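If you read the sequence from its start, that first residue is 1, and numbering goes on from there. In this text the structure is predicted, and so the values were computed from the model without any measurement.
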Amino acid sequence: MNIYWESFKTFFKIGIFTLGGGYAMIPLIEEEVVNKHRWVEKDEMLDLIAIAQSCPGVFAINIAIFIGYKLRQERGAIATALGTALPSFLIILAIAIFFKQFEDNRIVAAIFRGIRPAVVALIAVPTFRLGQRAKLNKFTIWIPVVCALLIWALGVSPIYIIIAAGLAGYLYGRFYKANKI
C-alpha cells in the first residue's frame, strides 16, 4: 500500500478518535506508529515526544510532522500533518455550523461532563509511560515533580524549565559523568 495514503489514514484515525488534545493522542500514536506499523522504535518515540513538546506549535501536528518526515521527508510530513489536522478542522467546522442548536442542550452538556474525567486519564497514562521510559527512579523522580510544581504553583514558564533542564543535563554529562570515568 502507498505509504503516503497509509500514514495519512493512520493519523486521520488518530485525529478523529482523540479527545483532549495532543497529549491524549500519545497512546494512540504509540500504538499505531510503534507497535502496529513499526515506523518508529519505542526509545525514538520518547525522543520525538520531547522534541515535539519543545517546538512551537500544536504538539499533535509537530509529532505527526516528525514521524512523517522520518518516513518520507517533506511529502511524508505533509501527509501525516494533514491526516492529524483534518479531523479537528472538520469537527470544529461542524460545531461552528450547528453550535447554536446545541448550545443549551442538557444532554450534550452531560456528555461533555462525562468526557472530561476520561480525558484526564488519557493524558495521565502517557505521562506515566514517559516516566517509565525516561528511567525515573527514587533518585530522579523529584525532577519532574519539582518542575511540575514550579510551573503549576509558581507560574514559571515551561520554556525556562526546558532550558534549565537541558543545561543541567549538559553540565551533568560534561562534569559529573566525565569525572566518574
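Considering CD1 of I78 and OG of S7, their distance stands at 11.0 Å, rounded to 0.5 Å. Distance check, rounded to the nearest 0.5 Å: CG of L93 to CG of L90 gives 7.0 Å. Annotation: the span from E31 atom CD to I26 atom CD1 amounts to 14.5 Å, rounded to 0.5 Å. Residue I49 holds its CD1 atom at 11.5 Å from OG of S54, rounded to the nearest 0.5 Å. For the atom pair I29 CD1 and T80 OG1, the distance stands at 10.0 Å (nearest 0.5 Å). Here the straight-line distance linking atom OG1 of T84 with atom CD1 of I67 works out to 8.5 Å at 0.5 Å rounding.
Listed by chain and residue number, K70 satisfy the salt bridge (charged side-chain N to carboxylate O under 4.0 Å, His left out) test with E44 (two or more places apart in sequence, or in another chain). Considering only residues two or more places apart in sequence or on other chains, K42 meets the salt bridge (charged side-chain N to carboxylate O under 4.0 Å, His left out) condition with none of them.
Criterion: ILVMFWY side-chain heavy atoms under 4.5 Å apart, direct or through other members. Under it, V108 and F98 are part of a common hydrophobic cluster. I51 and I63 fall within the same hydrophobic cluster, defined by Ile, Leu, Val, Met, Phe, Trp and Tyr side-chain heavy atoms under 4.5 Å apart, directly or through other members. In the hydrophobic clustering of this structure, I115 groups with L28; members are Ile, Leu, Val, Met, Phe, Trp, Tyr whose side-chain heavy atoms approach within less than 4.5 Å, directly or through other members. Tracing side-chain contacts under 4.5 Å through hydrophobic residues (I, L, V, M, F, W, Y), one never reaches M45 starting from F128; they form parts of separate clusters. If you chain together hydrophobic residues whose side chains sit under 4.5 Å apart, I162 and L149 never meet in one group.
Cluster partners of I61, by chain and number: V58, I65. The rule joins Ile, Leu, Val, Met, Phe, Trp and Tyr whenever side-chain heavy atoms lie under 4.5 Å apart. Cluster note: I163 groups with I159 through ILVMFWY side-chain heavy atoms spaced under 4.5 Å, whether in direct contact or through intervening members. Grouped by direct or indirect side-chain proximity (heavy atoms under 4.5 Å, Ile/Leu/Val/Met/Phe/Trp/Tyr only), Y69 sits alone. As a member of the Ile/Leu/Val/Met/Phe/Trp/Tyr network built from side-chain separations under 4.5 Å, V156 groups with W142, I143, V146, L150, I151, L154, Y160, I161.
With contacts defined as side-chain heavy-atom distances shorter than 4.5 Å, the pair I3/W39 qualifies. Taking the side chain as every heavy atom from C-beta outward, P87 and F11 never approach each other to under 4.5 Å.
Minimum heavy-atom separation, A60 to M25: CB-SD, 3.1 Å. Shown here for A79 and F8, the closest heavy-atom pair between the two residues is O-CD1, 3.4 Å.
Just one of K13, R38, K9 meets the salt bridge (Lys or Arg N to Asp or Glu O under 4.0 Å) condition when paired with E32; it is K13.
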Legend entry - Derivation and outcome, side-chain contact (heavy atoms from CB on, under 4.5 Å), residues T10 and H37: CA-CA 9 Å; T10 297; H37 294 290; 3.2 Å; yes

Inset, instruction - In sequence, state the C-alpha distance, the side-chain angles, and the governing distance for N62 and Q53, and then conclude on side-chain contact (heavy atoms from CB on, under 4.5 Å). - result: CA-CA 8 Å; N62 289 347; Q53 288 174 317; over 6 Å; no

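Atom CD of Q73 sits in a crowded spot, with more than 12 heavy atoms from other residues, nucleotides or ligands closer than 6.0 Å. Remark: D43 CG is loosely packed, at most 12 non-hydrogen atoms of other residues, nucleotides or ligands lying under 6.0 Å away.
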